[in-house]
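Worth saying up front: this structure is predicted, and the values here are computed from it rather than measured.
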Amino acid sequence: MSGSRWGTGFSAVGRFIAEIEAAAAGKGKLRAGYVLAGDELFLLDRCREAVLKAFAPPDLRDFCLSDLDLSTTPVFEILDRAQTPSLMAPFQVIFVRNVRQFYTRGAKKEEFAALDRYFRSPNPQAVLIFVADFLRIPTDIRRMDLDDRNRFDRIQETLGEHCSVIEMAHVGEEDAMRWAVATAQAADSRMDADAARELVDALGADMMLISSELEKLLLYTLGRGRITLGDVETMVLAAKQRSLYELTDAISSRNRARALALLHGLLNSSDAGEDAAIGHLYMLARTFRQMLVILEKNVRDSRAIWQALWQGFRMPPFAADDLIRQARRYKSRRELTRALRLIARADLELRSSPPDKRLVLERLVYDLASEPRQTTAFASTQLSLEV
C-alpha cells in the first residue's frame with residue numbers, strides 16, 4: 001500500500017503503518033507523537049488498528065489505552081497521563097480527539113507551551129495520537145479548501161513541530177477500485193475489473209461501505225475464487241442504504257415513532273446486531289453532513305448535487321432527490337449542526353463502551369426526530385456547548 005502507484009491517503013497510511021510495525025519489532029524508532037489529519041474514516045481506522053495491534057494487546061488494553069477528548073479533558077491532564085509510567089502495562093497509547101479545540105478562539109499559549117515542554121522530554125514508553133478529523137483533505141491535496149488549508153498549515157506550525165503529520169486524504173475512485181482488487185487477491189480471490197467498478201460506483205467511493213460489502217462478497221463467493229459483476233449486482237443492492245434514507249426521512253419529518261421503528265429494523269437486519277452501531281452512526285453523520293452542504297449551497301435538483309458534493313462524498317444516484325427533499329425540511333444551518341453535535345456526542349458515548357449500545361442509538365434517533373427546544377438568547381450559547 002505504500003508504493004508510488006497509490007494516492008496520497010493510502011501512501012501516507014502505508015508509511016505510517018510501516019513505521020509503527022518497524023518500531024514494534026525493534027527495527028525502527030517510534031515518534032513521541034503523531035497527528036492523523038483528515039476525516040477519511042476508513043484510513044483513520046486502519047491507523048488505529050495498526051497502533052493497537054502493535055502496542056495495545058487486548059489483554060492489556062484496559063490499562064494501556066486511553067481515548068481522551070480535548071473538549072472534556074484539558075491537555076495538561078493528558079500530558080500528565082502520558083508522562084506518568086503505568087504500573088499495569090509497559091506502554092501507553094493515548095488517542096486525543098477533538099483537536100479543533102487547540103485552534104478555537106484564543107492563542108492557547110499555555111497549552112502549546114505545555115506541549116512544547118512535554119515533547120522536549122517525552123515519555124519513551126508512551127505515544128500520543130492526535131486525531132484532527134475536523135479537516136477535509138481531498139484526493140488531490142492541491143485542491144484543498146482555503147479554510148482547511150489554513151487549518152492544516154496551523155497544525156503543521158504547532159503540533160507538526162513535534163509530531164509526524166499523516167495526511168488522511170480522501171480515497172479516489174481509482175484507488176478504491178485498486179484496493180478492492182488487491183484485497184480480494186490477498187484473500188485468494190480474483191475480482192473482475194467491471195465488478196470492482198460497479199462496487200465503487202454503487203457505493204459512491206465510500207471506503208467504509210466498500211470494505212464492508214467486499215467482506216460479504218468474499219464470503220458469498222467462498223470456494224469459487226472469483227467475484228463477478230453479477231455477484232456485485234446480487235449482493236450489493238442498495239437495500240440497507242435505502243433503509244438508512246428511510247430513517248433520515250422519518251427523522252427530518254419529525255416522525256419519532258417511525259424513526260425508532262426503522263432504527264430497530266436496521267439493527268435487527270444487521271448480522272452484527274448492536275455491534276454495528278458505530279457503522280450506523282457513521283452513515284447518519286455522513287448523511288447529515290451531505291444535507292448540510294445541500295442546504296448551504298441551495299441545491300434544488302439532482303443535476304446540481306454532483307457539483308455541490310465532491311468525489312468520495314456523494315450518495316448513490318437513487319438517493320439524490322430524496323436527500324435534497326429531506327435537507328430542505330430544515331429551516332437553517334443551525335438545525336443541521338445541532339444534529340451533527342448530537343451524533344458526535346453519541347459517537348463518544350459508543351466508543352466509551354456503554355452497557356447498552358442500542359439504547360444510545362434509540363436516544364439519539366429520538367432527539368434527532370424531536371423539535372429543537374426553544375431557548376432564550378441568554379441560554380443559547382450554553383446550549384450550543386452542551387448539545
Side-chain angles (χ1 to χ4, degrees), residues 1-25 27-28 36 38 40-54 137-141 166-241 270-272 275-276 278-279 282-283 286 311-314 316:
M1 194 175 70
S2 59
S4 59
R5 67 194 185 105
W6 294 96
T8 301
F10 269 127
S11 295
V13 169
R15 292 191 295 270
F16 172 76
I17 292 176
E19 184 172 323
I20 293 296
E21 291 176 345
K27 299 179 180 179
L36 304 182
E40 178 58 84
L41 185 61
F42 174 78
L43 297 180
L44 287 168
D45 280 358
R46 289 176 74 86
C47 290
R48 181 182 174 89
E49 289 170 8
V51 173
L52 295 185
K53 181 179 179 181
I137 303 179
T139 304
D140 184 350
I141 196 169
I166 316 301
E167 299 167 358
M168 306 281 101
H170 277 253
V171 177
E173 292 181 358
E174 293 302 318
D175 266 0
M177 291 171 56
R178 193 178 294 122
W179 177 85
V181 171
T183 302
Q185 185 176 3
D188 297 322
S189 183
R190 179 169 65 88
M191 188 172 200
D192 294 349
D194 56 355
R197 168 64 68 185
E198 178 65 20
L199 178 68
V200 172
D201 285 348
L203 301 177
D206 186 318
M207 287 301 300
M208 291 296 286
L209 286 175
I210 290 170
S211 175
S212 174
E213 295 303 320
L214 180 58
E215 185 177 349
K216 297 172 188 175
L217 282 165
L218 288 169
L219 290 173
Y220 178 69
T221 59
L222 188 65
R224 184 159 25 110
R226 182 186 177 192
I227 300 174
T228 67
L229 176 60
D231 296 324
V232 174
E233 291 174 339
T234 299
M235 291 295 292
V236 191
L237 297 175
K240 288 190 176 179
Q241 290 188 69
S270 172
D271 295 334
D275 289 334
I278 291 290
Y282 163 74
M283 288 305 299
R286 178 185 174 87
Q311 180 179 303
F313 190 58
R314 295 170 179 165

Legend entry - Residue pair Met191 / Ala184: nearest heavy atoms and the distance that separates them: CB-CB, 3.9 Å
Legend entry - Closest heavy-atom pair and its distance - Cys47, Leu36: CB-CD1, 3.9 Å
Inset, instruction - Taking all heavy atoms of Leu229 and all of Glu198, pick out the closest pair and write down the distance. - result: CD1-CB, 3.5 Å
Legend entry - Residue pair Ile137 / Glu40, side-chain heavy-atom distance below 4.5 Å: no
Inset, instruction - Mind checking the CG-CG spacing from Leu219 to Leu214? Nearest 0.5 Å is all I need. - result: 10.0 Å
Inset, instruction - State which residues pass side chain to side chain donor-acceptor pair (under 3.5 Å) with Ser212; sequence neighbours excluded, sorted by chain then number. - result: none
Legend entry - Electrostatic pair Arg46-Glu49, nearest N-O below 4.0 angstrom: no
Inset, instruction - Side-chain contact test, heavy atoms from C-beta onward, threshold under 4.5 Å: evaluate it for Asp192 versus Arg226 and give yes or no. - result: yes
Legend entry - Closest contact, heavy atoms only, Ile17 versus Ala50: CG1-CB, 3.8 Å
Legend entry - Between CG on residue Leu44 and CD1 on residue Ile166, distance to nearest 0.5 Å: 11.0 Å
Inset, instruction - Please name all residues satisfying side chain to side chain donor-acceptor pair (under 3.5 Å) with Asp140, sequence neighbours left out, ordered by chain then number. - result: Arg142
Legend entry - Interatomic distance, Met168 atom CE to Thr8 atom OG1 [nearest 0.5 angstrom]: 11.0 Å
Legend entry - Value rounded to 0.5 Å, distance of CZ in Arg15 from CD in Glu167: 8.0 Å
Legend entry - Salt-bridge present (Arg48, Asp45; N to O < 4.0 Å): no
Legend entry - Phe16 side chain reached by Val51 side chain, heavy atoms, under 4.5 Å: yes
Inset, instruction - Salt-bridge test for Glu173 and Arg197: reply yes if a basic N is under 4.0 Å from a carboxylate O, no otherwise. - result: yes
Legend entry - Stepwise side chain to side chain contact (heavy atoms under 4.5 Å, CB included) check, Trp179 with Val171: CA-CA 10 Å; Trp179 177 85; Val171 177; over 6 Å; no
Inset, instruction - Identify the two heavy atoms, one from Ala180 and one from Leu199, that lie closest to each other, and give their separation to 0.1 Å. - result: CB-CD2, 4.3 Å
Legend entry - Flag side-chain contact, heavy atom, 4.5 Å: Met207 against Leu43: no
Inset, instruction - Side-chain contact test, heavy atoms from C-beta onward, threshold under 4.5 Å: evaluate it for Glu215 versus Ser211 and give yes or no. - result: no
Inset, instruction - Taking side chain to side chain donor-acceptor pair (under 3.5 Å) as the test, write out the residues that go with Thr228, two or more places apart. - result: Asp231
Legend entry - Between CZ on residue Phe42 and CG on residue Leu209, distance to nearest 0.5 Å: 11.5 Å
Inset, instruction - Determine the minimum heavy-atom distance between Ala169 and Pro138, stating which atoms define it. - result: CB-O, 3.5 Å
Inset, instruction - Find the distance between CD (Gln185) and CD1 (Ile227) and round it off to the nearest 0.5 Å. - result: 11.5 Å
